[in-house]
S.K.: 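Right, I'll just put the structure down here and ask away after.
FYI, side chains are in, hydrogens and waters are out, and symmetry mates aren't considered; it's all heavy atoms of this structure. In the text below, chain A, chain B and the rest are named by the order of the sequence lines, each starting its count at 1.
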Amino acid sequence: MNVALAKTETGRAVSETFAMARSRLPGAGKVADARRKAFESYERAGLPTRRIEDWKYTDLRVLMREVLPLAAVPDQSALAKAVDAVKAAAVENACRLVLVDGTFAPKLSDLGGLDKGLRVQSLRETLDAGADLPAAATDDVMVSLNAAMATDGVIVSVDDGVALTKPVQIVHVATASSASVFTRSRVQVGKGARVTLVESFAAVSGAKSYQVNDAVIVSIGDEADVAHIRLMDDATDAVNISSGLVTVGAKSKVNFLGLTSGGRVSRYQGFITLAGEGSDLSVNGVNLLKESQHGDTTLVVDHAVPNCTSREVFRAVVDDRAHSVFQGKIIVRPDAQKTDGKMMTRALLLSDDAEADNKPELEIFADDVTCGHGAAIGALDESLLFYLRARGLSEKEAQALLIQAFVGEAIESIADDGLRDAVVAIAERWLAARG
Amino acid sequence: MALLEVKNLQVRVDDREILHGLSLTVNEGEVHAIMGPNGSGKSTLSHVIAGKPGYEVTGGEILFKGEDLLGMAPDERAAKGVFLAFQYPVEIPGVATMNFLRTALNAQRKARGESEFSTPDFLKKVRDVAKSLNIPQDMLKRGVNVGFSGGEKKRNEVLQMALFEPSLCILDEMDSGLDIDALRIAADGVNALRSKDRAMVVITHYQRLLNYIVPDVVHVMSKGRVVKSGGKDLALELEASGYAQFEDAA
């Protein structure tokens, strides 16, 4: 009955949006069929509600209400406005690949002088040339909606044995208001390659109440070394629902950090499958939320094979009336003996009205494993605050120092000094803005 | 000139009165020792002077350089020159000692309308003080007090005292948990800071510390009041006869 209700509330609007968007969506034949099927499976379910366990704390039918019409293809003035936002979001020395309102912007991107063995195309280019949509191995409805509606994205591949000299940074810039943006990208990392991937989400000033739905499909070969950083600083009245679908080969080292500081409603869902033995995965997340922001980080780490290690460290700082959600699931398949998986999540509540939900889950089907999790929610330690204040720090300064230390445990995982400093700078700006 | 004037101070914690009308005057350049048994209110006095939350002042006043101290936030008191060396300095993981010292020093200077220290000046100052206190450089790189021994924590308090140059230092049970060698190093550091403009209040259980930091005035506290004051010989008397006589007097 709920599903039927959903159709009348939101289903009709989105089917119109899909019908109107179709002419603009790249890909014919089998791609168009795949999109229609994906849309139908979305339409059957509608926006996820709290009745779906995976979306328990993030009821999009309440928080998002509807899917807005697609943003227009950016014109010259939109592209010109995006330049400053790209600069502000830029990581030093990176090869930037820019998507404005869901359309690849080659003129804003660094396509000249790419490292040898690094190849970049837009999603639209590959679909026009007859390629398939990058496939996502999940039945999540928001990923299905993404498959149906994705207007563009980037297709990145790094050849076997190549160590990139610069980070690859995918920059999403929103310039449109009251519109939706759907992007889908794929990153393929070859055997023995070394890659730093940065994803940034930002908006030009004046972009309001827009919706982002992004999916990135990452496949990492054997013996690779990947640092993956995601910085979500969308407008504070925007919605950002993003999915990362990552498959890791054997004997690889993968270090992920996600930082959420923007968005009125956001969800980052990472589905990471360890598919090759002897790999080492570190997943770190930080939510910095204030006012009435709702930020959800949901991670599923799937140990499909034996002898892998996974470490998850998540930190949430929640101020005002904000709401942080962390859901972490570790799955250990029957064959995945000698798995070593740990997850530690902590939330810091800075106000009486702040809320944090932590949901750790372990699903262990093998018998020779080491798995554990810990979760803690609390306020700043009064005795530490007093010590700092007795040394001359104001209440805000003392809090800022302790909050930096709190999130530092997750940020420390970034090996590159420049990138780590960039992430620390975002946290410092957030703290300074608390006033 | 009177630097600190505590007048008829009454303090409650929860529903219990801890200080029942305590008075104390400390002049510039003087070192006062406050002795007394457990539960006599020594630490409460030090916490109330520094502005620790959780204490309710129900009567009396504290003047510092003639100003009402009780109306000030803890950081304002620090900037005015009040320094409390903690009995149990807290560990602050993730906050590097150097970063903490610089942030604190510059916050105090800013509050006084003074310019911030330049990085080279700051580093030189810290290194010089650290060397005199036998504090190795690698300790300064660690989180504040993280993994420090009892003696190292107390030396870190003395280091801050030397760096911030307060006009009133309150040493709360500085000798607790220290062996003789550690005590001597810390006491030497404190003695080096004695000056005609600076006063110190040394709170201790035992006379032992006062062999190293020799006071001008000794007060005995019992049940929330100063029950006797005298010269440094009073400490020796106490060592011989114990506190029992004063518990009756109170």
S.K.: For A/R194, does the CZ atom have more than 12 heavy-atom neighbours from other residues, nucleotides or ligands under 6.0 Å away?
M.R.: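 No.
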S.K.: Heavy-atom distances under 4.5 Å only: say whether B/N99 touches chain A with side chain, backbone, both or neither.
M.R.: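 Only the side chain of B/N99 comes within 4.5 Å of chain A.
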S.K.: Would one find more than 12 heavy atoms of other residues, nucleotides or ligands at under 6.0 Å from atom NZ of B/K153?
M.R.: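 Yes - once you tally the heavy atoms of other residues, nucleotides and ligands closer than 6.0 Å, there are more than 12.
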S.K.: A side-chain contact here means heavy atoms from C-beta on lying under 4.5 Å apart; do B/I92 and A/L388 qualify?
M.R.: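 The answer is yes; the side chains approach within 4.5 Å.
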S.K.: Using heavy-atom distances under 4.5 Å, tell me whether A/E409 contacts chain B through its side chain, its backbone, both, or neither.
M.R.: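 For A/E409, no heavy atom lies under 4.5 Å from chain B.
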S.K.: Can you pull out the residues in residues 41-52 of chain B with any heavy atom less than 4.5 Å from chain A?
M.R.: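 Within residues 41-52 of chain B, the residues that come under 4.5 Å of chain A (heavy atoms only) are B/A50, B/G51, B/K52.
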S.K.: Please state whether the side chain, the backbone, both or neither of B/E91 comes within less than 4.5 Å of a heavy atom of chain A.
M.R.: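 Only the backbone of B/E91 comes within 4.5 Å of chain A.
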S.K.: Which pair of heavy atoms, one from A/A390 and one from B/A78, lies closest together, and at what distance?
M.R.: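 Heavy-atom minimum between the residues: O-CB, 3.3 Å.
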S.K.: So for atom NZ, which belongs to A/K253, do other residues, nucleotides or ligands contribute more than 12 heavy atoms lying within a distance under 6.0 Å?
M.R.: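 12 or below, so no.
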S.K.: Anything in residues 171-178 of chain B with a heavy-atom distance to chain A below 4.5 Å? Please list those residues in order.
M.R.: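 Answer by number: none.
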S.K.: For the rings on B/Y88 and A/Y387, is their centre-to-centre separation under 6.0 Å?
M.R.: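 Not close enough - the centres of the two rings lie 6.0 Å or further apart.
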S.K.: Going by residue number, which parts of residues 116-151 of chain B are within reach of chain A, meaning a heavy-atom gap below 4.5 Å?
M.R.: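 Listed by number, the contacting residues are B/V144, B/N145.
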S.K.: If I take atom OG from residue A/S394 and atom NZ from residue B/K110, how far apart are they, to the nearest 0.5 angstrom?
M.R.: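 Between A/S394 OG and B/K110 NZ, I get 7.5 Å after rounding to 0.5 Å.
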S.K.: Using a heavy-atom cutoff of under 4.5 Å, enumerate the residues of residues 158-165 of chain B that contact chain A, numbered in order, or state 'none'.
M.R.: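 Interface residues of residues 158-165 of chain B: B/Q160, B/F164.
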S.K.: Rounded to the nearest 0.5 Å, how far apart are CG of B/D75 and CZ of A/R391?
M.R.: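 Spacing of CG (B/D75) from CZ (A/R391) equals 12.5 Å.
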